[in-house]
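These notes are about the structure you will find just below.
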2 protein chains.
Amino acid sequence: MSGRERGAASAGFIATVGRQIRQRRQEQGWTVQELSDRSGVSRRMLTQIELGQANPSLVTVDRIAHALDSDFASLALPSPIPAAAGSSREALRVWSSAGGSEAALLTATDHVPRAELWHWRLAPGDTYQAEPDASGTEELHYVHAGELTITTGGAILRVRAGEAGRIRSDQHYAYHNDGPSWTEFTRVVVGA
Amino acid sequence: MSGRERGAASAGFIATVGRQIRQRRQEQGWTVQELSDRSGVSRRMLTQIELGQANPSLVTVDRIAHALDSDFASLALPSPIPAAAGSSREALRVWSSAGGSEAALLTATDHVPRAELWHWRLAPGDTYQAEPDASGTEELHYVHAGELTITTGGAILRVRAGEAGRIRSDQHYAYHNDGPSWTEFTRVVVGA
DNA sequence: TCCATATGTGCAGTATAGTGCTCATTCTGC
DNA sequence: GCAGAATGAGCACTATACTGCACATATGGA
């Protein structure tokens, strides 16, 4: 890191966090000053964070999250929250590769049972290596186009367009696109 | 904020983030120096972060996350998500209307937490009236094309293409396509 | 034992996160 | 139009995140 770019919105997720904070504050009907009083973070800083012009520390984000009766992680995710009625929000691109492959977290539940809805695009020949998860976690897949190869614990599962797959997630696994065209699939992650 | 406690592990989640980073680094078989080179964050800072003795900024955490081929949010969550062996299943057309609308159950888990993955197609002007599910059941929606209007308990939720929605489904609810074109959406039902 | 590698830590310096003032602008409602 | 509330932003200042170096400790292999 020679030149340290700063001042403006550097990373995209910083803007996401800012937008999350602003929306939740407005849902509470609070002014920036009010959130400042409740969180202990200055009004000056809050406006910059909401506009994606700051690079807050974890402690600062945590103070704000607590004041909003939320938690740190959910501010980074684009999850809505309203209890009875849902809301709409844009997807969060969580992973991408040099080849153009990408994974977007579309929406998720807040608490148990945890469920996440994803959309994935894998370029021909591309691979995604995943880490094991909490015991009992499962995944559902539905392939819209191309074909998806899932390797897990020595087993190989091939899912073609129009087919569905399911895996347990207590061990290392990986997604591969061994086909000649792009693979598109929906992924649901379910935890206890 | 009179006395600002610092230097030691202040918040619990900071230690969580540190542990996550250390674990993933060791899974890669990297030394701290190696992660430092790849992420652009100094070795000095990395050790403190891993030990929960630092208060890094979002950009710093993001740099580390990218070097670990991970994402920012999952480092903050104590429980990530994926991995294991599964099976494939064919889609089941559960419902259809005279107008050509249809609902297909793509796949589902066997036991708790229950989760079902659906694909729906609603013709313009078509409606589906649903019965309440078991208490605590939730639904996630992602609209691929057109727009989806969900009415539930007097509330109206409109989800457009590219947006996501969420509702509690332990009450009467209905899907409507009020738009001029076909509506296509993915639906996830999650129960306890 | 000796050497090499990996990690933890003290210290000083630098870059920047964060604060508290200030004023400008916008949007209300009167 | 006017007054007040709310937000956006410039500025100087303070607190601290972050760096680089040095040194200590621990582990493992020849």
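Convention: sequence-line order gives letters A, B, ...; per-chain numbering from 1.
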Q: Check the distance between dC18(D)'s C1' and R63(B)'s CZ and give it to me in whole angstrom.
A: 10 Å
Q) Does the side chain of Q26(A) pick up a donor-acceptor pair with the side chain of R22(A) at under 3.5 Å? A) no
Q | E34(B) backbone acceptor or donor facing T31(B) side chain under 3.5 Å | A | yes
Q.
Angle between the end axes of the helix from dT1(C)-dA30(D) to dC30(C)-dG1(D), five pairs per end, to the nearest 10 degrees?
A. 40°
Q | Results of salt bridge (charged side-chain N to carboxylate O under 4.0 Å, His left out) for R38(A) - residues two or more places apart only | A | none
Q.
Would you call the rings of F185(A) and W120(A) parallel, tilted or perpendicular, taking 30° and 60° as the class edges?
A. parallel
Q.
Test your reading of the model: is there a side-chain donor-acceptor pair from S36(B) to the backbone of V41(B), 3.5 Å cut-off?
A. yes
**Q.** Rounded distance in Å - CG (L46(B)) to C1' (dT19(D))
**A.** 12 Å
Can you give me the N/O atom pairs linking the protein to nucleotides 3-7 of chain D at distances under 3.5 Å, or say none if there are none?
residue	atom	partner	partner atom	Å
dT7(D)	OP1	R25(A)	NH1	2.9
dT7(D)	OP2	V32(A)	N	2.9

Q. What integer distance in Å separates L51(B):CG from dA6(C):P?
A. 17 Å
Q: Output all residues satisfying salt bridge (charged side-chain N to carboxylate O under 4.0 Å, His left out) with D178(A), sequence neighbours left out; order by chain, then residue number.
A: R158(A)
Between the protein and nucleotides 25-30 of chain C, which nitrogen or oxygen pairs come in under 3.5 angstrom?
none

Q. Among all residues two or more places apart in sequence or in another chain, which pass the side-chain hydrogen bond (donor to acceptor under 3.5 Å, both in side chains) test with R25(A)?
A. E50(A)
**Q.** By side-chain hydrogen bond (donor to acceptor under 3.5 Å, both in side chains) - contacts of D170(B) (at least two apart)
**A.** none
(Q) So if I define the base as every atom that isn't primed, P, OP1 or OP2, how would nucleotides 24-30 of chain D read as a B/S/- string at a heavy-atom cutoff under 4.0 Å? (A) -------
**Q.** Side-chain N,O (Q53(A)) to OP1/OP2 (dA9(D)) below 4.0 Å
**A.** yes
Q: Sequence neighbours left out, what passes side chain to side chain contact (heavy atoms under 4.5 Å, CB included) with H172(B)? Give chain and number order.
A: Q129(B), E131(B), P132(B)
Q. Once you round it to whole Å, what is the distance between C1' of dT9(C) and CD of E50(B)?
A. 15 Å
Q. Does a side chain donor of either Y142(A) or R187(A) reach within less than 3.5 Å of an acceptor in the other side chain?
A. no
Q | Residue-phosphate contact under 4.0 Å: S57(A) side-chain N/O, dG18(C) OP1/OP2 | A | yes
Q | Whole angstrom value for the distance that separates P of dT16(C) from CG of L58(B) | A | 16 Å
Q) Does any N or O in the side chain of S169(B) come within less than 3.5 Å of the main-chain N or O of D133(B), such that one atom is a donor and the other an acceptor? A) no
Q. Partners of T127(B) by side-chain hydrogen bond (donor to acceptor under 3.5 Å, both in side chains), sequence neighbours excluded?
A. H176(B)
Tabulated below should be each protein N or O lying under 3.5 Å from an N or O of nucleotides 11-14 of chain C; please produce it.
residue	atom	partner	partner atom	Å
dC11(C)	N4	R44(B)	NE	3.4

Q) Between H119(A) and E184(A), do the side chains contain an N or O donor and an N or O acceptor separated by less than 3.5 Å? A) yes
Q.
Regarding R19(B) and Q23(B), do their side chains bring together a donor and an acceptor under 3.5 Å, going by distance alone?
A. no
Q.
Looking only at the side chain of S42(B) (C-beta and beyond, no hydrogens), which of the listed nucleotides dG8(D), dA17(C), dT19(D) gets closest?
A. dT19(D)
Q. Are any of the side-chain heavy atoms of I150(B) and I156(B) separated by less than 4.5 Å?
A. no
Q) Quick one: salt bridge (charged side-chain N to carboxylate O under 4.0 Å, His left out) partners of E116(B), sequence neighbours excluded? A) none
Q. Under 4.0 Å between a side-chain N/O of T60(A) and OP1 or OP2 of dG18(C), yes or no?
A. yes
